[in-house]
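In this text, all values refer to a predicted model and were calculated from it rather than measured experimentally. Order of listing sets the numbers, starting from 1, for every ligand and every atom in it.
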Amino acid sequence: MTTFKQHAREEARRILAEYGDVSIPVPVEKIIKKRGIRVQFSPLDQELSGMALIKDGVGIVGVNALHHPNRQRFTMAHELGHHILHQQEINGTAHVDKGFAILLRDTEASQGTNRMEIEANTFASELLMPTMLLAPLIDTTGFDLDDVEQLQMLAKRFKVSLSALQFRLLALS
Ligand SMILES: [Zn+2]
């Protein structure tokens, strides 16, 4: 695993530890609010997921109110990732996310925006599906990673989309 991804993952674990006892589904909105960051839901264009900005010294996470709750959870975790990892980059300018591709390739991560997006996605993945809570569930005998039905049930428990779970499992193996 590349170092910058490792850093994003470690930061997500630190945020979870600072919050305290976490069980699934991970209470992402509460975690954000407890850090003094505001969460604002507003109806946005379909292709906009959300945004991260700092206004008058207050951190804000914007979420598209029209999206599915599971997608909103990923957006919130992603935007929190920007606040934690990219404070300098988002200070003074709103960082707007247009339906970020969750499966960005490492090769596109060499620099700039893509790298920030991959870091935020990695952070979001670990925050919503922490290794310590996910690994025990899939290590269970009888759990079949190729069984879509089982994966869907697991995604439901974590309140994430199936594709977000599949993306996460790739990083676990
Ligand atoms: Zn982003």
Side-chain angles (χ1 to χ4, degrees), residues 1-16 18-19 25-131 155 158-171:
M1 194 191 297
T2 38
T3 316
F4 71 91
K5 277 193 183 176
Q6 222 156 15
H7 174 68
R9 238 180 254 299
E10 278 160 16
E11 284 295 278
R13 288 181 192 144
R14 178 176 68 83
I15 299 303
L16 287 168
E18 281 178 13
Y19 180 77
V26 171
V28 57
E29 194 176 343
K30 282 186 187 160
I31 289 172
I32 295 172
K33 287 179 172 166
K34 200 178 167 188
R35 302 195 71 83
I37 296 172
R38 280 192 205 143
V39 181
Q40 284 178 359
F41 291 84
S42 16
L44 305 169
D45 283 352
Q46 182 60 29
E47 83 261 25
L48 297 180
S49 302
M51 59 190 82
L53 62 149
I54 299 166
K55 201 178 169 188
D56 303 325
V58 180
I60 298 172
V61 163
V63 187
N64 193 338
L66 305 177
H67 282 173
H68 187 280
N70 287 352
R71 183 161 174 199
Q72 291 175 338
R73 283 169 55 76
F74 196 89
T75 299
M76 284 189 271
H78 176 105
E79 304 305 341
L80 175 62
H82 284 314
H83 276 288
I84 302 294
L85 302 166
H86 310 126
Q87 204 158 27
Q88 246 177 341
E89 290 90 333
I90 64 169
N91 204 358
T93 168
H95 174 85
V96 180
D97 280 304
K98 271 192 183 180
F100 35 77
I102 180 162
L103 290 167
L104 286 168
R105 291 198 194 103
D106 276 5
T107 47
E108 297 168 25
S110 46
Q111 54 169 302
T113 311
N114 281 342
R115 174 167 166 164
M116 271 173 66
E117 294 320 302
I118 291 175
E119 285 175 338
N121 279 345
T122 305
F123 176 95
S125 270
E126 177 67 28
L127 191 87
L128 295 175
M129 295 161 275
T131 308
F158 282 89
K159 287 199 178 184
V160 296
S161 69
L162 184 60
S163 56
L165 175 65
Q166 284 167 328
F167 173 77
R168 179 72 187 90
L169 290 173
L170 280 178

Using a distance threshold of 2.8 Å, state whether an N, O or S atom of E117 lies below it from the Zn ion (ligand 1). yes
Can you tell me, to 10 degrees, how wide the angle at the Zn ion (ligand 1) is between OD2 on D97 and NE2 on H82? 110°
Before moving on, can you tell me the angle at the Zn ion (ligand 1) between the NE2 atom of H78 and the NE2 atom of H95, to the nearest 10 degrees? 160°
Please output the side-chain donor-acceptor pairs of residues 54-64 that fall under 3.5 Å, not counting sequence neighbours, one pair per line with the distance.
residue	atom	partner	partner atom	Å
N64	OD1	L44	N	3.1
N64	OD1	L66	N	3.0
N64	ND2	L44	O	3.3
N64	ND2	D45	O	3.0
N64	ND2	L48	O	2.9
N64	ND2	H67	NE2	3.4

Do the charged groups of E126 and R13 touch, with an N to O distance under 4.0 Å?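 Result for this pair is yes, salt bridge flagged.
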Could you list the donor-acceptor pairs under 3.5 angstrom formed between side-chain atoms of residues 31-38 and any protein atom two or more places apart in sequence or on another chain?
residue	atom	partner	partner atom	Å
K33	NZ	E29	OE2	3.0
K34	NZ	Y19	O	3.1
R35	NH1	E18	OE1	2.8
R35	NH2	E18	OE1	3.1

Charged tip of R9 within 45° of F123 ring normal and under 6.0 Å: no
